[in-house]
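Below is one structure, written out as C-alpha cells, with a few remarks after it.
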Amino acid sequence: MIRHILLFKFKAHASKADIKTAQQDFLTIPSKIEGVVEVEWGTNNSPEGLNKDYEYSVVMTFANEAARQRYLPHPDHDLLKQHFVPLLEDIIVFDYSV
C-alpha cells in the first residue's frame, strides 16, 4: 500500500463553503477511482505549534503502485484539482510505502 499525504494552507479568500466542498470532493474519491482504499481529512489540532501554518491535511491510501498511477491522471482527480488548487496558498505532498 501507499500513503499519500497532503498538508496545505488555503488562501485568505477561501470561504468555509469552499473548504467544505474541497473536503467532500476528497472524501468521495474512493467511490470514483479504483484502488483508492481510504481518504481522511483532518484539521490541525496539535498544541505544539509546529505546523508552520499548515492547517489541513488529507491522507489517502492506495492499494498499490498501480492504484496511485491510475489516480494521478484520472479525470476525477483532474476535476478535483481544478476546484482545489486555486484555493491553495501552499501544499506539501509526501508519499510512502506501507
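Going from atom CE of Met60 over to atom CD of Glu40 covers 11.0 Å, rounded to the nearest 0.5 Å. Atom CD of Glu89 and atom CZ of Phe10 lie 11.5 Å apart (nearest 0.5 Å). Interatomic distance, CG of Asp76 versus CG of Asp25, reported as 9.5 Å (0.5 Å rounding).
For the pair Leu6 and Ile91, the minimum side-chain heavy-atom distance is below 4.5 Å. Contact check for Met1 versus Asn64: no side-chain heavy atoms found under the 4.5 Å cut-off. Residues Ile19 and Tyr56 meet the side-chain proximity criterion, which asks for heavy atoms closer than 4.5 Å. Side chains of Phe62 and His4 form a contact here, defined as non-hydrogen atoms less than 4.5 Å apart.
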* Apply the test side chain to side chain contact (heavy atoms under 4.5 Å, CB included) to residues Ile2 and Glu65: give CA-CA distance (whole Å), side-chain angles for both, the deciding distance (0.1 Å), then the verdict. => CA-CA 7 Å; Ile2 295 173; Glu65 177 61 28; 3.1 Å; yes
Run Asp95 and Arg3 through salt bridge (Lys or Arg N to Asp or Glu O under 4.0 Å) and show every step you take. CA-CA 5 Å; Asp95 290 5; Arg3 289 270 160 51; over 6 Å; no
Going through the checks in order, is the side chain to side chain contact (heavy atoms under 4.5 Å, CB included) test met by Ile29 and Leu80? CA-CA 9 Å; Ile29 289 292; Leu80 184 147; 3.9 Å; yes
**OP:** I would like to know whether Thr61 and Val36 meet side chain to side chain contact (heavy atoms under 4.5 Å, CB included); could you show each step before the answer?
**Re:** CA-CA 6 Å; Thr61 303; Val36 179; over 6 Å; no
Please report the C-alpha distance between Phe8 and Leu87 in whole Å, then the side-chain angles of each, then the deciding distance to 0.1 Å, and finally whether the side chain to side chain contact (heavy atoms under 4.5 Å, CB included) criterion is met. CA-CA 10 Å; Phe8 47 93; Leu87 300 172; over 6 Å; no
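Checking side-chain atoms of Arg70 against main-chain N and O of Glu34 turns up a donor-acceptor pair under 3.5 Å. At distances below 3.5 Å, at least one donor-acceptor pair connects side-chain atoms of His77 with backbone N or O atoms of Leu72.
The two residues Gly35 and Ala67 have their closest heavy-atom pair at O-CB, 3.4 Å. Between Val37 and Ala63 the shortest heavy-atom distance is CG2-N, 3.6 Å. For the residue pair Lys11 and Pro86, the shortest heavy atom distance occurs at NZ-O, 3.3 Å. Across Val39 and Leu27, no two heavy atoms sit closer than the pair O-CD2, 3.5 Å.
In the hydrophobic clustering of ILVMFWY residues, with side-chain heavy atoms under 4.5 Å counting as a link, Phe26 and Leu7 come out apart. With hydrophobic clusters built from ILVMFWY side chains whose heavy atoms lie under 4.5 angstrom apart, Val93 does not share a cluster with Val59.
For Trp41 and Phe84, the ring centers sit 6.0 Å or farther from each other.
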Table please: side-chain donor-acceptor pairs of residues 43-51 below 3.5 Å, with sequence neighbours left out.
from, atom 1, to, atom 2, distance (Å)
Asn44, OD1, Ser46, N, 3.3
Ser46, OG, Glu48, N, 3.2
Asn51, ND2, Tyr54, O, 2.9

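Using cut-offs of 30° and 60° on the angle between ring planes, the pair Phe94 and Tyr96 is tilted.
With no hydrogens or angles considered, no side-chain donor-acceptor pair links Asp18 and Thr21 at under 3.5 Å.
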